[in-house]
Amino acid sequence: MTKFLRAARHFALLLPLLYLAPQASAQQSAQEQGVQTAAEAGTEAAALSSLPAPKAVQIGSETPWIYEGSDVPRDTEWLFGEMDNGLRYATRENGVPPGQVSIRIRIDAGSLHEEDSERGFAHLLEHMSFRESKYLAQGAAIPTWQRLGASFGSDTNAETTPTHTVYKLDLPAATPASVEESFKLLAGMMQEPVLSEENLALDVPIVLAEMRERSGASIRAFEKSLQTRFAGQRLANRLTIGTRETLNGATAESISAFHDRWYRPENVVISVAGDFEAETFASLIEKYFGDWEGKGPLTPAPDFGDPVAPAGADPENPVGEVAVIVEPDLPRSMTYTVMRPWRPVQDTIVYNEGLLMDALAQALINRRLEARARAGGSYLYAQVRQEDVSRSTDSTFVAFAPLTGDWQSALKDVRGVIEDALAAAPSEEEIAREFAEFEKIYESQVEQRTVMQGSKLADDIINAVDIREAVAAPETVLQVFRGMRERITPERILERTRALFEGDVIRTTYITPAADEATDAAVRAAMLQEVAPNSDVRLAAETLSFADLPPIGEPGTIVSTGPLGVLGIERIEFDNGTRALLWPNDGEPGRVSVKMRFGAGMRAFDQEDAPYISLGESALVGQGFGELGQEELDRISTGRVMGFDFAVEDAVFSFSAQTRNADLADQLYLFAGKLAMPRWDANPVNRMKAAQRLSYESYAANAGGILTRDLEYYLRNEDARFKTFTPTEVDTTTPERFREVWAPLLSQGDVEVIIFGDFQRDAAVEALRNTVGALPQRTPIPAEIASRVPTFPAAGEGTKIITHRGDATSAAAVVAWPSGAGVEQLRESRQLEILTDLFNNRLLDAMRERAGASYSPSVNASWPVDLDAGGRIMALAQLKPEDVPVFFAASDAIARDLAVNPPTADELARVTEPLKQLVTRIMTSNQFWLYQIEGSSKDRRKLLYLQTLLSDYSQTTPERMQELAQKYFANRPAYRLAILPDGQELAGGGAARAAEITGR
């Protein structure tokens, strides 16, 4: 078994305290709580140990199936096997997080394997496999996994792509019995799903609801882009969701025929990574999948087709299909694609060296494209990327967003940068810069390999199989990359760059909101024009050093230091009032989490300055500080692990980053420099203004967009600080006013720095003295600002109705109740998480599983800790307009019933067990503890409730749930928000249908 690292050992010591709660559990006995006795655990372990040794493993001199034809060094932590029936597997022992087992089952069949009459069947079959199968009764899958501690949608899920269908299970707190039961259930789902007309009638409406949630301008543009980009290929008309016609036309016989054709062992790969021996997983796979036999002869995969230029295309510039896609609700974007046929490759070291050089070539171009945009180019963003798409094409994509309707200038700008990369080799200095960036990434992966999540490892195998390549250990990747350094010359990069832009056909799509802005002929003509190279964007390669930067100020003096009183965390205070919390630990090797909190957050803004909030979130860091602008910030962090995320939180502003011990001091300098010597540059502000103008109209394209745009605004009682501003309103903002608003806020409020992770304590303290400890004294937050809290809409206002311009069959609905906030009732906020999960399960069952009215209804709670008000409980769903009243009535019925009738013990267990497992897993993360501890350098009240953290989330009683439901649901009517298509009104009724699907 994987040994706990120090952070996990800290957690293990804390665990008994976290279970101490003055509440009774809903289930009193160990058996009722699902707690194993030692005898039961021993019996289960003995059962697994008695499994026959796996027979299909490929060990010794035998080449594992994934490395056939490859000279890539084998990752010896994986155990590979290939069974007589053709099924292949990869298993691995991994204890991150402790006790979890991650299982992935890949079927080599996706939407590209469908016939025209079967479009959407691969995805529909994914749904039906969860509906009912050999060992799972109808509708039993979700509650069964929940009883095993797995959350629906996160721990149990599936995905369908053009090339595969993957079933995913992350089983927490895995026991020998639960692991074996999971393999048994999954085997039944794959081999013998119940594909009946009854189940089809239940699942087709859910898939249609999913289709409806994705409908609108974006999906129309995407579908048209596919048809253009992959003209003549199968991918051109194979959306994974399918069509209404084919889905409604599905029968038990037709879906069964699809299953029999593709769900067979020769098409299956299983990857498992978890906290058991790899041989145990292999034995379980062989036990439950070994007797699986396909029905009839093996069907070969269809020919996906190749990209072919139209007749008459110029071989030197093979411009082919072009489409101008007019969507009034979408921002401008253009993509041209240089396309080559996809072919299987021999995944050798030489091949991977070529891929790495391709990646360096793309990074060079992308850095130049970004520099051009920052300097006032005619596009908002531009990016080059090479991608093998669905085993259909090897393509180089060039995507960009024109700032205005002058797309010709934007295209010329972008192509000019690329032409320069094709005309002349980059400098050695440019290559060194990009090499350092890549090397930093690969080094970090090596440092962190001992804490690689089992779920990611299992996914890595599946992804490698999908692209028909091998897998490599992080050390191998770093060794290969470093070993090729001398061969990465300017001439070789130029050669690889030119190859990236050579292909059989070039296809172009332009999405625009204006019908008269472009034509297919005009875009084709522009693509055929020769463009002069633009060498102005070749970047200066001079090195910048933190050692050359001015000091923040006089190093600070420590006025107090001592233990915080939990987890070995140290509290340090400086004479300027700055406080720091330090927790050195090796729980995540090579990684340090840093967060700096200051100021008043959202409270700091007056209503009239609200437009500068979102502008600041996007543009403040890009302003730089001192003499460092955006370009200089990039250069000074080359080859370093540094970040600079900025957030406007409820009551504070925050800078945060993931860094490493070697870069910690300079990371702290970046944060302190922003407060000590802010720089004001108009370009980032103007660029973000352009981005907001371009994106605004897209919000109205469907109900989901309106939720994104307006939900916070209306739930905050139409407070302008939470508004998404129109282009006209954005245009009233200026860089000068941006500075006037933000400059005083950067000097206001106490500073708290939190450093958790793998760092040296004494060096960190010295870095703090020279950075945040050296800041000038801060301006206190005015009392009027400190007292501001968000408000909730008044009760009894009726349903708020807003409209969208999208699909006439798409709507959304929200119900919400105010809850609490602050530290004093923190334990109650955790219990509310249990209540909202109960609500969520019932709403999911009613609106999705029974009614098929909504694909993903959800219920959640928020509870601001740094404020005394502003919490809420909210349920929302996207659905058909006629089902909005049903959703309102169903939500009311569930809320009412929770207040009147306590939940059953089983219903409660289905919520508390997944919550317990979720919290237990994330407790091993520094980020989790950072979130729990932040703010406690000044307000220690949060620490009082750490002892009951786990029990608060996982132990309760039916009576407590009823009490909370009465407190929050019964005392006032819910706030209601309906988002309807233009021209429609809210329908009446809904109560009868709601009673039918809720049983209440």
Side-chain angles (χ1 to χ4, degrees), residues 67 70-75 345-371 383-388 394 396 418 420-449 452 460 464 467 469-501 537-547 589-591 631 634-642 659-663 666:
Y67 292 101
S70 172
D71 62 356
V72 172
R74 175 182 171 183
D75 186 343
V345 299
Q346 293 295 313
D347 192 15
T348 63
I349 291 176
V350 170
Y351 167 73
N352 281 279
E353 287 179 343
L355 291 182
L356 289 168
M357 277 194 270
D358 288 347
L360 287 169
Q362 293 167 71
L364 282 162
I365 297 173
N366 285 331
R367 193 181 293 277
R368 295 176 184 178
L369 287 168
E370 173 64 11
Q383 184 182 50
V384 169
R385 80 179 191 279
Q386 184 277 331
E387 183 179 350
D388 289 348
D394 164 15
T396 303
I418 294 171
D420 180 58
L422 297 172
S427 67
E428 285 281 6
E429 292 80 6
E430 284 183 295
I431 293 173
R433 181 176 180 179
E434 302 307 332
F435 187 91
E437 290 289 281
F438 278 72
E439 187 177 37
K440 169 190 68 178
I441 295 169
Y442 299 141
E443 286 174 345
S444 296
Q445 291 173 348
V446 171
E447 290 174 341
Q448 296 163 23
R449 71 163 306 171
M452 291 174 68
D460 286 345
I467 61 176
E469 295 183 7
V471 290
E475 291 85 353
T476 298
V477 177
L478 180 59
Q479 181 181 4
V480 169
F481 187 66
R482 284 177 171 169
M484 59 185 284
R485 178 62 183 96
E486 292 185 0
R487 297 190 298 279
I488 304 176
T489 63
E491 292 72 24
R492 291 293 302 279
I493 293 296
L494 178 60
E495 177 186 334
R496 301 299 301 197
T497 302
R498 288 171 173 170
L500 285 170
F501 289 91
V537 294
R538 290 192 169 235
L539 302 176
E542 62 184 283
T543 301
L544 292 176
S545 171
F546 279 92
R591 183 182 298 174
E631 167 60 17
D634 284 349
R635 283 164 48 202
I636 203 167
S637 59
T638 295
R640 315 287 295 277
V641 179
M642 306 178 80
T659 186
R660 59 183 177 180
N661 181 60
D663 298 326
D666 292 337

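Keep in mind it's a predicted model, so treat the numbers as computed, not measured. Positions are given from 1, in the same order as the sequence printed here. Hydrogens, waters and symmetry mates play no part in the numbers below; they use all other heavy atoms, side chains included.
You'll find the side chain of R433 reaches within 4.5 Å of the side chain of R367, heavy atoms only. You'll find the side chain of N366 reaches within 4.5 Å of the side chain of V384, heavy atoms only. Contact check for R368 versus E430: side-chain heavy atoms found under the 4.5 Å cut-off.
The heavy-atom pair separating A425 from L494 by the smallest distance is N-CD2, 3.9 Å. Summarising the geometry of G590 relative to Q448, their closest heavy-atom pair is O-NE2, 4.2 Å, with the distance given to 0.1 Å. Considering all non-hydrogen atoms of both residues, R498 and L422 come closest at NE-O, 2.8 Å. For the residue pair Y351 and E469, the shortest heavy atom distance occurs at OH-OE2, 2.9 Å.
Considering CG of L360 and CG of L355, their distance stands at 11.5 Å, rounded to 0.5 Å. The CZ atom of R640 lies 7.5 Å from the CZ atom of R660; values are rounded to the nearest 0.5 Å.
For D394, the side chain to side chain donor-acceptor pair (under 3.5 Å) test picks out R340, Q386, with sequence neighbours left out.
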For this session: Let me see the working for K440 and E443 under salt bridge (charged side-chain N to carboxylate O under 4.0 Å, His left out), right down to the final yes or no.
Result: CA-CA 5 Å; K440 169 190 68 178; E443 286 174 345; over 6 Å; no
Exercise. Are E447 and R591 close enough, and set up right, to give a salt bridge (charged side-chain N to carboxylate O under 4.0 Å, His left out), and what steps lead you there?
Worked result: CA-CA 8 Å; E447 290 174 341; R591 183 182 298 174; over 6 Å; no
Atom pairs and distances, donor-acceptor, side-chain atoms in residues 470-481, under 3.5 Å, two or more places apart:
residue, atom, partner, partner atom, Å
E475, OE1, R449, NH1, 2.4
E475, OE2, R449, NH1, 2.9

